[in-house]
Every structure is written in C-alpha cells, then in structure tokens.
Amino acid sequence: MIINHPLLGPRDASEFVVKGAASLIDRPDWQAENATDAFHDYMYLRDNPAGEHAELWYHEQGDRSWLVVTRNTLTHEVTKVEMARDVARARGRSK
Amino acid sequence: MSQTYRINSGLTDDSQKFNFTFNGKQMQGHAGDTLASALLANGQHLVGRSFKYHRPRGIFSSGSEEPNALVQLRSGAAQEPNTRATVAELFDGLTATSQNHRGSLENDLLAVNDLFSNFLSAGFYYKTFMWPAAFWEKIYEPIIRSAAGLGSLSKLEDPDSYDHGFLHCDVLIIGAGPAGLSAALAAGRAGLRVILADEDFRPGGRLNAETHEVDGMAAADWASAAVNELAAMDNVNLMTRTTVYGAFDHGVYGALERKTDHLLSSDGKPRQVLWRIYSKRAILCAGSTERSIAFANNDRPGVMLAGAVRAYANRWGVAAGKRVTVLTNNDDGWNTARDLQAAGIDLAAVIDTRAETTQGLTGVRTIAGQCVADTAGRKLIKSVTLTGGETVETDCLAIAGGWSPNVHLTCHQRGRPTWNDGIAGFVPGGDLPVGQHVAGAANGTMTLAAALADGRAVANAVAKELGATASRKAAPKAVDEAADITAFWQVSSKKRAWIDLQNDVTTKDVKQSNAEGFRSVEHLKRYTTLGMATDQGKTSNVLGLAVMADASGKSIPETGTTIFRPPYSPVPIGALAGRARGKDFRPTRLTPSHKYAQENGAEFVETGMWMRAQWFTKPGETHWRQSVDREVLATRNSVGICDVTTLGKIDVQGRDAAEFLNKIYANAFAKLPVGKVRYGIMLREDGICYDDGTTARLAENHFVMTTTTANAVVVFRDMEFARQCLYPDMDVHLISVTDGWAQFAVAGQNARKLLQKIVDPSTDISNEGFPFMACGEVTVCGGTPARLFRISFSGELAYEVAVPARYGDSMIRALMNAGEEFDATPYGTEALGVMRIEKGHAAGNELNGQTTAQNLGMGRMVSKKKDSIGSTLSERAAMNTDDGLRLVGFKPVDPSVTLSAGSHFFTKGATPNMDTDQGWMTSVAYSPMLGHSIGLGFLNSGSDRMGEQLLAYDALRGNDCEVEVVSAHFFDPEGKRLRD
Amino acid sequence: MTNYSGLKVLWQGLTGNKGWKPVWREPEPKAEYDVIIVGGGGHGLATAYYLAKEFGVTNVAVIEKGWIGSGNIGRNTTIVRSNYLLKGNEPFYEQSMKLWEGLEQDFNYNAMISQRGILNLYHSDAQRDAFARRGNAMHLAGAGAELLDQDKVRKMAPFLDYDNARFPIKGALLQKRGGTVRHDAVAWGYARGADMRGVDIIQNCEVTGFQMDGGACVGVQTSKGNIRAKKVAVCVAGSSGRVMEKAGMRLPIESHVLQAFVSEGLKPTIPGVITFGAGHFYVSQSDKGGLVFGGDLDGYNTYAQRGNLPVVEDVCEGGMAIMPMIGRSRLLRMWGGVMDMSMDGSPYIDKTDIDGLYFNGGWCYGGFKATPASGFCYAHLLATDRPHENATEFRLDRFKRGAMIDEKGVGAQPNLH
C-alpha cells in the first residue's frame, strides 16, 4: 500500500506502524463521572467497519508524524490522509 | 542420443551447441532451447511421474503452465526441485533428473498405485486409515508422506544470493506478446515511463511460435524489430526473464527477474532479483493458455497441447512426434496441422469434434464430428481410438481444447472473471486492481490483428489518462486468423480421463465430488485437489469446472468461476527473503565500547538488535560463572564499569515538558527540581505497567528520559502519539538520542574516586555537592561535554556518565585507565542482572506486559491526584485485589539448591494444578555476596507471606524444590551504599 | 448415512465408486429452530455437532452465507497445540487437544491429525525462562511439555541454522502432542456428523439482520427469508463486527488479515511444527509435501482476504534466517484469512446483553486449534445457559473488570496479539 503523506508525498506503507481506529484520539476526561466506563469503551470497543475506516498510522521510518488515514477496509482504497495533530485539534483536544 | 527430432534450428542458435544430461544421459541442444525443447529434440518423451498414481508423463506444454515436466535441476546444494522443463533455459553443462519415482523413471515401483486407483478416488483418505488410531502417525502417514511430495530439497544452505529492488513507472506492461509489444510501442511513443516485463528469455510471446505475418514481416521478426525500437527508447525498460507474479494494493506489483538461472553458475552474482514495481497504471497482456479435452487415458506421454506442438516446431525446430494427430474443437487447432505440414511433419489425422467445420487441409485426413475416446501406449502414446471406434496409430496427440485468457492478475484483489460463451472461456470481470487494464488475449481478444490493435488502443487510453499525448502511429498490420470454437469438454468413459495431470484428478473424481455434495468450486478444489498443484490449474481449472457443470446439470457460470491467488507462477523463497538471512537477517547495533569489549575477552549476547557484552572472560576462567561472580564482587568491593548505552534515551524539551511528563509517567514529575533525577513507571492506557526508567531535569524546560532497552522504540512512539494526538497544543518536542550518547555506569565504593579523575574539577561531585539522584551537564577529560547522573541500578554508590557517542570508545578507555588503581572491572549484562536481582529491581522478566504497578510492589507510585496515561483503567477491580500477585524474593530452603526461573509456587502439601497455582519465579541468579541461589517471583499475597516455605514446582525439568519467601531486597535493604 | 471405513473404500472401489452419497443434505430452512448458528465455519459446525451429539439438541440450523468451511477453517496453517500459559486459556486448549486426539474416531472422518510435535525455539535466557513458566503451566494442565537444549533441538531438526544465525538457537519448548490437522476435513467431518444427527446445514444463505421482539432476539432475517429461533448463536470470526453491528453491538474486536503460504510439494523435509518467534515465522509440512508457513498480521484493519508484500517478504526472511535450505523451494500460493482479533488476544464465548443472542468470536489467529473445544463449550453454553468450566473467563465484560487474558502482554493492541 501507499500512503500519501501530507508533508512528504507518497510513501510505502511499510514505513509506517498502524495503531488502529482514529477514535483513539478521543481520550475521555478522567474526571468525568463515568470515566471508567468511558475509558473502557475508548480502549476496548471498536466500530470495526467493513468500509471506510479512519485510522492512525505512524511514520516511524520517516518523519515520525502520526497521520489519520481514511481507508476502505474492503478495497484498501485510501481516500484521505491528514496530520493527526490537525485532526486532534479539530476534535477539540487543544488545551 | 542425437537430436533425431530436430527438424531445423527454428529460432535457436545451432552454432552454439550445449551439452546437458537428463538422468545421467548425455544429450545435446542449442542456445535458445528450453530444457523441454532439447529433451524433445533428443526424443526423450518420458520425463516424470504423476503425483498420486505415478503415471508416466511427458512434456505437455511449452510454457509456465506446465503440469507434467517437472524436474530437479542442478545438484548438490544448488539442487532445485520441481523446475518446469518448459521454462528452464538450456545452458552448457545443465544437469537434470526426473522426480517422484522409486527406482528408475522407466520402472517406478510406486506405479503400482495406478493398479489400485479405484481405491484411491477423490478424498479416499478421509474415509479410512482411522483404525487403529495409533497407526496413523506410525504407519499410514509416513507411507502417504513419502509417496507424496514431488522433488527433494538438498537440505543444504542455498548457496546463491538474491537481491531486492524497487522500480517506478507510469505504466507497467505485463507480457511482451503481440498485445504487450503493441501497447509498449504506443506507450513508449507517447513518452510514458514504461516497464515491459516478460517471463520468457525471448520477448514476443506467441509471435515467436507462429507463422503469421505482421507489417509484412514474419511474426518473430516483427517482434525483434519492435524490441529493437523499444530498446532504443530511454523511457522504456524492457525486462525479460521477469515474471510479474502478483498484483498488490495501490498499483504495486511483485516481479521476479531471473538473472543467472540460464548460466552454469551464478559466479557470486545474485541469482534472482525480486522487484517491487510501483506503477501508475498497468496493462495486463498475459495472453492465454490452451487447455485439454478429457477422455480416457489422455495423460500419456506424447499427449500435448496443440499450440505447444506448434511452438516446438516453429520456434525450436523440433517435431514433437514423427506422426502427429491433431484433436481440436476450434479453428486454431488447424493452425497446428498447417504449420506441422509445412514443416514436413507427418500428420496421421486432424480430428475436429465439430460435425461441421470450415477448416480443412489438403493432403491430411480430416475426421469431423468425432473425438478421441481412448489412447494406448505406456511410456509414449502409440495409438488413439476414436469415438467412432477407429484406431489411429500415432506418437503424438496434439489437443486443441480452446484457449483460456490468462486472467490471473485480474483476480489478485477482488476481481472475479466472467464467462464468455464466444470464446468458451473466462474473461476479466469487474473490480480489477486499481489502475489495471487488460488487453489482447488476456482480455478475450483472441486473434492477432485485434490483439495488436487492442494493445495500442489501451495504451493510448492510458496515455490520455496520464495526461500524455498519444502517438498517432497506426496499429501494426496483421490478419485475424479464424478462431471459431464449439465448446467440447469430455468424452465420458468408464476409464479415467484426466483433468489435472499433476495431481491426478480425473473426471471420475469430479463426478464423485458432485455426488458427495462438494459442489461449490472451492469445495471441488479442496476435496479433489483440482488446481492445487504447482501449476495452480492453469490448464485444468476451466475443464474441471465444465465437467462439474455437466455433472450437476448446471451451466458453467452457474457452477462458479475460477479465481487465482498470487503468485502467478511459483517464486523461490530465497528470492522473497533477499539479503535478509544469516547474520544479515536483521541489523546489528553495536555499543560504543564494542571494540574495547572485544579486546578484553567479552562474550556477546543479542539484546534485541544490540550486541552487548555478557561477561568478560579473564585468562584462566573456564566457566562463565567464574567471570560473572568476579565482576559482581569487584563492583561491590571496589568499582565496576558497564556500558548502558542501549537504554533508550529520549530528549524532552519545551515549555510544557514537565506537564507532558506528568501525563506519561504514573508518578509525579512536574515538580522535579532542576538538577535532579527521578525514577518513574509508565503504564499503558490499559493500566498495565510497561516500562520504567529515570528521567533527569537538566533545565527548566529540558529533560532526558531513559527507557528500558527493549521498549526504547515503543515508548518513543507512544510519547509521540500523546504529543501529537492527545495533547496537540502542548509545547513539547521529543527526539530519540539513544544513539547520540554513549553512557557508562560506574558503580562501587570507589566510583566517586574514579570519576573525580575523569570529571573536570569545575564540577563538585562530592556526596554533598552531587548527592544521590543528582544530575548535571559537566565536562570530562579536560573539556569534553558530558552528562553525569548519580543513579544506581546495582545498589552501589554509582553514577552514569554520558558523552557524545563518538567519544564512547575513548571514554571507556579513559575510565578503565583512571580506574586501574582501584582494579576497576568492566562488567557485562550477567553481572548487571545478578546485582539487580540482589537489589530486587524489576526488569524484562517482571515488566512482562501482564503485571500492574501493584503486582510489582509499586502501586503507591501511581498518582491518583493527576491524570496520566493508564491511571483510570489501572483502578479496575480485578487489577486491585488484595490477594493478587506481589513481587517478592525467594531463597532455597537448602542453600545448595539452584533455583530455576519459570517454576510455579504451591502451598506445601497442595496438589499442583492450575487452580492451586500461587505464582511463578521470574528471575534467578547465584548471589556471590550471599553465597547461594536467589530468585524474584510473583506470589499471591506475596508481601504478606514472608518466611513461608513453599514448593517451587518445576516438573518441566524435574527440578522441584522448597523455597522460602523473603524480601526482594536481598542486599543492602536499607540502601545505604548508594547514598554514601 | 454410511459409516466410513477402509472396507467401505474397498467395496466402493470394487463397484466403481458409485455408491457415495452426499456428505451432508441440502435442506431448505424450516420456519423455526431451537438454535440457529450463524456461520458455517469450523466453530459453527463443531458447535452444531456437539449440540446434537453431547447435549441432545438437534433442532438446529447452521446458516452459512457462502459454502461451509469458506472462512478461516480453510485458511490457516493447520497447527494444533495446547501450549498456553494462563489459567483462563490453558485448560480450554488442553480440552481442545484431547478432543482432537479422539476426533477422527468420534466423528468417523479422517482429518489426518498428525501429532508430530511442535517446537518453539528460544534464543535468549529470558525467552527460556518465559518458556519454562509456560512449560510448567502445561504440565499443570496435563498437556505435557519438554524443554530442550540446543543439542536436542539439533537432533530433531539438523537443518536449522545453528552456526550463522543472527539470533542463535539456544533451545526449544517442545510439545510432542502438538501437530497439524487437514483443516478442510475438520469442517467436513463436523458437518457430516451434525447432519447425520439432524442438523440442517444451509449454505448460500446470508443473515441480513436479527428478528427482535421486546428487546430479545427471536430469530434471523436471511436471504432465504426469516427464520425464528429460541436461541441465535453467532459464530462468524472475521465477520463478527459486520454481523453484530446488525444487533447494534460494538465489540472488543478488530478484523485483520493474516497471510499464510504454501510451497510446492517436496519429499519429507521437516518434522512436525517449528516456530521461530524471534523471526515471526512458523512452518510445518503437509501430508502432500508442501511447506505450510506464516508469520505476523499485516497490521491494518481489513476485511479483504489478501495481504501485501512487506509481510510476504518478512515471513520469507524469517524462514531463510532459520532454515536456509528452503531458498530453492518455491512459494506456490499465498492467501489471507480475516482474523477476529480481540483486545487481549483471547476469545469470547458468552451470552450478549440481548436475550437469546449468543456470541463466539475473538479467536485471533488461534482459532483453528480451538475448534473442538470452542464448539463443545459454545454448545454447553447454548444448551445449559452456563459457561463450560474451561471457558468461564471468556466473557465479553472482562475488560470492565480488568480481568484480561493477555498471553503476550501487549495490551489492547489487537494487531500485536
């Protein structure tokens, strides 16, 4: 597979390490009332879709960027690659 | 034997005669021969034995689809089993032997299987060999195993080397036959970067095997001219002897180039190169493969595909027989008859299964509306009997059963071929790999002029897609040959009619499979083994499907489709591995003191990718324990030096660095003073403890973290995740400096005295000036920048000193020189391990990814006042039970007993089983300080059981013993030494 | 239904092999069953077999979207073993091993169970210690194990690279009872045994949804119409996410591809199974002579039954590193299976929060060896509504409690299990 890195252009997938669903960005608030349940769902439950899947790829053999790659789990087609940091900010993880 | 079947030189070079042997027989061929063409030229028709029945088998095809003619090439360590003679290029000195027979090829003892064929029908083995149960491994299975298999490995290391390479192109064209050459010319003229790959050593595909004309030239000459034109284009890379074996995601193709297989020896050069080709577009021009017709005994030597018989005559100048019979269900079979007649080969008859045909050939007997019903002849066909009853004497039966497009690479992802009645074959369906196009016969365009035009048209369309300007040059001119076909699959018979020649699958097997309910194509394949042989059913799958359709009363498309998996043709495992073998299997990382260690008797041990000194053998030491005990005692009694560079080092800087570390570590870090080091534990988000180490605050916004050697990469990755994905606006920057700094532990009572000779006097390293857990940036040896940490893994007064890695070798030598007066001793990982066990420190065996901070006795370090990675999930009930595992120490009740790691603990008197299991021993060592074996381990409620005696169960090694639970801090439990 | 035997094969051989009958019927679905098993793979068929044979529940349908055995039962490297470590796992896998040992006689089908041993190589003292802990756990569960030094390994497998290896072989953990099984035959044997006892096996029938009534599951919607059932038992491995989504459930599962490989047929070359953990490679030789081998997951979520080149090359590197004699044998076929990777590497056999809906999955790439015990324990749960004593830990809620069964110690990272 080829991942079109937003900064570096097309790179072979073997340069990356895959972590899993991009929902792992949405780490719950530790002080929320249901924090333990929220952390359980965050850590252990997956949508695991057969189709479009936003997932975290780490360019370990490259610039060490974490990317959010939107990829189809049936065809492996990649439709979007974003810097994970931008996604994290957009999802409200700024301080 | 002379080349009695050679009629002319064809496209071979008869000025270059090559000597070779087959089963020890001396033979001769030409440059440009394959082993198969040379064997045929020498009249060697019997070349192998089939898989199950050990039937005599001859050459069947002229390409990579060959099911029969598998031989062992070369000898000794270079022995290469299951090599298809039809693609093995002849060279001078080639040696080949036949395989899968006991006794000689001619008189195979296992041919007795053929007599019992009725009892060896599809899936017979699933229904028997069950009683008595013990007989399977001892008797039945060894017999089956030795009869099965084909060729043999030498069991010696492969003497050849293999390379990997990467190529990029606009368009990859797979196959250099008429469509491929035409496509390559068009793409090349349009200025695209083209790779044209062909598995043959002579590009041209069927053009080399036919007598057609293209652009007024003989087909093979036109192919040569086209190749010359392509070779002159800088933007075209023509790769012969290169099989594109698989289509992978995003336009990536795998290809195998055979570099030296046509030579007697590789001469040290890589035998093959495995290419990964990154293409924007690909055009599959893989042509088509002919198939057989099923009738009784259609597997004898001399029964061949008609296109192959024609190819041997036209390309290699070899007559496959002296008196050939052609059997066809289509017009193309007549081309074989015509070409053989033109070459002066005697034709017994042309049998056309169609009652009416437009084809005919003067001077040759035509038998229409019949088929062959049976054949005779054991090691070579002698005659055929027709469905009408007539017997025709012949020594070669050329079967034209129709051509199946080579759709393989269209199926490697999601594509499923669809049936096309017009050509009686499967053509590419939808869902092709992204960027892949198909042209020519592979796409069902079966005639010459059309294929040439198709190749050009598809290439021009690709050029347009890629924004290039297509050349206006017209397609090469040729005539479309007649290609009508009326599907004809089988003649029913009480005898066996073969479908899959290599695996001995007959029409009976397919019918039985249907009768037993194995009707889906995948069940059929798996139950009968149809198409599972080394040829992946290239010549048999469609026929098998047709016979199944017939048996089940359905049409072929209703019955199913045939799909293929990579590789297109088998790829040597050595090529797939490339250079990564032996010592080069994985990179080797050396510590900065490696050379010093080598000079001083070090034994090295693999620690992940690192090689670390395990111990240093001194003259006179004959057992590793002598060395290790000496190193421990020397360190504890004076001073020892150990290279600890392999620990991960991460430089953390930024205004929010302290706050960030507070998130990463379970214990508090935000208030660590500048100039101090703190020990920290890290949890995974699931609350399990996974790494520990020390972090030093060198400045307000500058920390240096150490991780364990094993987790250096993972911790850094996780910290980057936290930085970019969880806390994207924190001002913090990370860099791995593991390789940047050489770091040495200097440990023992004399460590300070030693270091005072090394550290420049501008730094006060007295106990007051530089107390336990102090750190600082210093200079050593007169101005060399360094970092000094007063930390101790050994439990001694100890420091770690780090210098830029380029000074590492000098540093170890400087330290050893300075330490001479104290008998400073280098120590390795074993002594390090002994001392950490004596101190009860956890290492990899304890931090195994399954244990909590509480298990490790560090539960209180997990701060509940702050949010850190893993803190919330570490509070789950089952991870916090009062009777849970605790890390404690163990000593043998009988001090002379040696403890063993991996033993499990049981209350004395309990029956050992999984329910009564109380824990296990994680690490053991012989303590030279205490004079007996000591161990660390996890024990239920361990910290409350001091003094209790337990059984340490070790049935695995028959080494049970009694142990006493003690504190894990065996040595200097108050920690006085490290603070002095 | 005919009993299979050598005599039968002889008789049929003498009479033209014309008397063979379908191994299973092809019934139309009934309107209602006691139990519907969704998924005609190894585990589903085994569940049906044991439900009928051991628990007397025969009004059962197995519903399969394609052809039976089309999933991972026919896409694995055929290894069976019971060399697990943890209390939650090892007794279960040992139960499976014992079932394997009597299976052929039990279901009257030769699945070619070949107990030629499994060698797990170790290369360091720490690996040896971990194997010792494991080996003793195996003894505690009655599975048996031996810890071999280098000399003993060399005797068993002289062709391994002992002299020039990047990671020298120091020894191995051996389970002599481990080995391989002809994988497809397991599905067929269970199917035949279940069918003989009245179970309806319905192929080419896709479950498109669940029938719900008052919050309880009362049947399935399929491409062949609605079918009611007292209990619906999902058992679809790699498709778990897709199927359970129809019941509105998110699972602690990710779907990943594991590739497997087979070489051209060779005369007997290697004994038993050899695993090279440090190099991500394991290999055995089939009765037909092919070297069957595999390695790690590709690492990305996928439902496609195919993988990519980096892992192909990585696996072959592991093979060449440990046994450089295989360089000149050729890889014949590669394929991928979609694995239901759980969050701790261990499976689930449990009731769901929805009444009448049961779930079996999360087998990661260890599902094949578990087939008999998985079927047995799932049947036990379905028949009695209580977990079998060897499967009490395989609960879906274990992560809430923090009771993970993490053999590898890599945490909630499915692609590392």
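A note on names: the letters A, B, ... follow the listed sequences, proteins ahead of strands, and every chain is numbered from 1. Remember, predicted model here, so these are calculated numbers, not experimental data.
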Contacting region of [X] [heavy-atom separation from chain C under 4.5 Å]:
| X | result |
| --- | --- |
| Ser154(B) | neither |
| Asp917(B) | both |
| Thr607(B) | neither |
| Gln413(B) | both |
| Val924(B) | neither |
| His164(B) | side chain |
| Asp160(B) | both |
| Gln72(B) | neither |
| Ala843(B) | neither |
| Gln512(B) | side chain |

* **Contact summary for Trp188(C) and Val23(C), nearest pair of heavy atoms** => O-CG1, 4.2 Å

* To do: Return the minimal non-hydrogen interatomic distance between Glu101(C) and Gln105(C), and the atom names on each side.
  => O-OE1, 4.2 Å

For the side chain of [X] and the backbone of [Y], is there at least one donor-acceptor N/O pair under 3.5 Å apart?
| X | Y | result |
| --- | --- | --- |
| Asp161(C) | Asp163(C) | yes |
| Lys408(C) | Leu416(C) | yes |
| Arg330(C) | Asn82(B) | yes |
| Ser513(B) | Phe518(B) | yes |
| Asn845(B) | Ser923(B) | no |
| Ser903(B) | Asp954(B) | no |

Taking every heavy-atom pair that is under 4.5 Å apart, which of [options] has the most such pairs with chain B?
| options | value |
| --- | --- |
| Gly289(C), Gly265(C), Ala130(C) | Gly265(C) |
| Lys18(C), Gln285(C), Arg25(C), His123(C) | Gln285(C) |
| Thr15(C), Asp129(C), Leu331(C) | Leu331(C) |
| Asn308(C), Leu86(C), Asp406(C) | Asn308(C) |
| Asp125(C), Ile68(C), Val312(C), Val315(C) | Ile68(C) |
| Glu104(C), Arg333(C), Arg128(C) | Arg333(C) |

Mind ranking [options] by heavy-atom pairs under 4.5 Å with chain C and telling me who comes out on top?
| options | result |
| --- | --- |
| Tyr140(B), Phe116(B), Tyr245(B) | Tyr245(B) |
| Asn848(B), Asp249(B), Asp686(B), Leu156(B) | Asp249(B) |
| Met879(B), Arg581(B), Glu80(B), Arg684(B) | Arg684(B) |
| Pro142(B), Ala901(B), Ala122(B), Gly574(B) | Gly574(B) |
| Ile573(B), Thr128(B), Leu70(B) | Ile573(B) |
| Arg565(B), Arg579(B), His904(B), Lys508(B) | His904(B) |

* Do the charged groups of Arg586(B) and Glu606(B) touch, with an N to O distance under 4.0 Å? -> no

* Asked: Between Asn880(B) and Glu875(B), do the side chains contain an N or O donor and an N or O acceptor separated by less than 3.5 Å?
  -> no

* Side-chain donor-acceptor pair present, Asn17(C), Asn118(B), cut-off under 3.5 Å -> no

* If you draw the axis of the six-membered ring of Trp920(B), does the NZ or CZ of Arg133(C) fall within 45° of it and under 6.0 Å from the ring centre? -> yes

* Asked: What part of Glu146(C) gets closer than 4.5 Å to chain B, counting heavy atoms only: side chain, backbone, both or neither?
  -> backbone

* With a 4.5 angstrom heavy-atom cut-off, could you sort out which part of Asn204(C) is near chain B: side chain, backbone, both or neither? => neither

* **ring-ring contact (aromatic ring centres under 6.0 Å, His included) between Trp335(C) and His412(B), intermediate numbers included** => CA-CA 10 Å; Trp335(C) 65 93; His412(B) 284 182; over 10 Å; no

* Mind checking salt bridge (Lys or Arg N to Asp or Glu O under 4.0 Å) for Glu26(C) and listing every partner two or more places apart, or none if nothing turns up? => Arg519(B)

